[in-house]
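Hydrogens, waters and symmetry mates play no part in the numbers below; they use all other heavy atoms, side chains included.
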Amino acid sequence: MAEEKEVTEEQQAPKQNKTLIFVIIGVIVFLLIIGIVAGVLLLGGNKSDDEAKDSEATASAQLQKKPNGEARTSNYLNIGPLYQMPEPFIVNLVTQSGRRYLKTSISLELSNEKLQKEVEAKSTIIQDSIIEILSSKSIEEIATTKGKDRLKDEIVNRINSFLIDGYIKNVFFTEFVIQ
């Protein structure tokens with residue numbers, strides 16, 4: 001009987017070693033597969049993100065129809081058609097007390113004359129967009145020249161996002177009173 005136990009233990013030791021080796025090989029293969037899949041997704045994902053960014057930039061440029069993606073600027077020697085917003089904007093500014101307001105009148109410089117009809121047709125949407133932008137600002141954000149320039153850029157970008165026949169070249173404040 002003692003001899004049978006020794007033989008059984010000797011037979012079980014190699015079987016356990018073989019099982020352990022197969023488990024280790026299986027885990028290594030599994031980890032390699034996961035690594036390869038993760039690598040493909042990460043490398044492939046970056047290409048998709050770049051392509052998505054490129055397509056967004058192209059779509060944005062097409063919507064705005066701006067030449068060379070130029071920023072809000074005007075050639076003051078050659079001003080495009082101007083559209084005076086019909087009413088001044090009076091909005092509350094973001095403050096702790098809520099007692100500060102801005103009154104401003106705005107003229108829009110258009111890229112071409114046929115845009116005039118579209119701007120008139122979308123006047124309500126444009127007014128709403130401008131009111132939304134103006135009322136989201138604090139006095140600190142718009143009191144400086146840089147702040148006003150950022151405000152103009154934001155207005156131009158928002159309006160250009162839904163214009164089809166052209167684009168807004170610039171925004172001019174014809175009145176700007178903070179109280």
Side-chain angles (χ1 to χ4, degrees), residues 40-179:
V40 167
L41 290 176
L42 289 175
L43 294 176
N46 287 342
K47 290 179 184 175
S48 297
D49 290 344
D50 291 342
E51 290 170 2
K53 288 178 186 176
D54 289 343
S55 66
E56 285 177 16
T58 303
S60 174
Q62 288 175 348
L63 278 177
Q64 294 182 5
K65 295 183 180 164
K66 285 187 164 182
N68 301 327
E70 69 184 43
R72 177 195 56 85
T73 58
S74 272
N75 177 359
Y76 292 116
L77 297 175
N78 187 18
I79 299 288
L82 293 174
Y83 177 78
Q84 175 69 39
M85 295 303 294
E87 298 176 13
F89 295 92
I90 302 172
V91 296
N92 291 321
L93 296 174
V94 176
T95 62
Q96 296 292 336
S97 64
R99 295 185 178 163
R100 303 299 296 254
Y101 71 89
L102 167 68
K103 178 181 179 185
T104 185
S105 296
I106 295 176
S107 288
L108 305 173
E109 181 183 2
L110 310 178
S111 63
N112 57 56
E113 290 190 25
K114 74 176 187 175
L115 183 59
Q116 180 93 20
K117 290 180 184 176
E118 182 181 6
V119 168
E120 288 171 357
K122 295 181 177 179
S123 178
T124 303
I125 299 168
I126 292 170
Q127 287 175 344
D128 180 64
S129 296
I130 292 172
I131 288 171
E132 186 177 314
I133 291 168
L134 294 175
S135 63
S136 71
K137 302 299 176 195
S138 68
I139 190 168
E140 293 81 16
E141 290 176 295
I142 60 174
T144 64
T145 303
K146 286 183 181 181
K148 288 178 183 71
D149 284 340
R150 279 189 234 114
L151 183 60
K152 288 178 180 183
D153 289 338
E154 191 173 344
I155 291 170
V156 165
N157 290 334
R158 176 78 62 88
I159 295 172
N160 283 338
S161 69
F162 54 81
L163 292 179
I164 297 169
D165 293 336
Y167 62 93
I168 302 297
K169 290 170 66 174
N170 205 348
V171 171
F172 298 105
F173 294 119
T174 55
E175 178 181 22
F176 200 91
V177 179
I178 300 173
Q179 188 159 357

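Counting heavy atoms of neighbouring residues, nucleotides and ligands inside a 6.0 Å radius, atom CD of Glu175 exceeds 12 of them. Counting non-hydrogen atoms of neighbouring residues, nucleotides and ligands closer than 6.0 angstrom, the CD atom of Gln84 exceeds 12 such neighbours.
Contact detail for Leu82 and Gln116: the closest heavy-atom pair is O-OE1, 4.0 Å. Smallest separation of non-hydrogen atoms from Gly80 and Glu109: N-OE2, 2.9 Å. Shown here for Leu110 and Lys169, the closest heavy-atom pair between the two residues is O-CD, 3.6 Å. Between Ile178 and Arg100, the shortest heavy-atom distance links the atoms CG2-NH2, 4.1 Å. The minimum heavy-atom distance linking Glu118 with Gly166 is given by the pair OE1-N, 4.4 Å. For Leu93 against Leu134, the heavy-atom pair with the smallest separation is CD2-O, 3.9 Å.
Inter-residue side-chain proximity for Ile90 and Gln179 is flagged as unmet; no heavy-atom pair is nearer than 4.5 Å. Within the 4.5 Å cutoff, side-chain heavy atoms of Gln127 are placed close to those of Pro86. Between Asn160 and Leu163, the closest side-chain pair of non-hydrogen atoms falls below 4.5 Å.
The structure places OG1 of Thr104 at 8.0 Å from CG of Leu151, a figure rounded to the nearest 0.5 Å. Rounding to the nearest 0.5 angstrom, the gap separating the NZ atom in Lys137 from the CD1 atom in Ile139 is 14.5 Å. To the nearest 0.5 Å, the span separating CD on Glu141 from CD on Glu154 amounts to 8.5 Å.
Taking Lys152 as the reference, nothing meets the side-chain hydrogen bond (donor to acceptor under 3.5 Å, both in side chains) condition, with sequence neighbours excluded. Under the rule for a ring-ring contact (aromatic ring centres under 6.0 Å, His included), the partners of Phe173 that lie at least two apart in sequence or sit in another chain are Phe176.
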Query raised in the report: Is there a side chain to side chain contact (heavy atoms under 4.5 Å, CB included) between Phe89 and Ile131 once you walk through the steps?
Result: CA-CA 7 Å; Phe89 295 92; Ile131 288 171; 3.5 Å; yes
Query raised in the report: Hey, mind stepping through Ile164 and Lys122 against side chain to side chain contact (heavy atoms under 4.5 Å, CB included) and telling me if it holds?
Result: CA-CA 11 Å; Ile164 297 169; Lys122 295 181 177 179; 4.3 Å; yes
Report task. Determine, stepwise, if the pair Ile159 / Ile130 fulfils side chain to side chain contact (heavy atoms under 4.5 Å, CB included). Result -> CA-CA 8 Å; Ile159 295 172; Ile130 292 172; 4.1 Å; yes
Query raised in the report: Does the pair Leu108 and Ile126 meet the rule for a side chain to side chain contact (heavy atoms under 4.5 Å, CB included), with working shown?
Result: CA-CA 11 Å; Leu108 305 173; Ile126 292 170; 4.2 Å; yes
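Side chain of Ser111 to backbone of Ile168: no donor-acceptor contact under 3.5 angstrom is found. With hydrogens and angles disregarded, no donor-acceptor distance shorter than 3.5 Å links the side chain of Asn170 to the backbone of Ile79.
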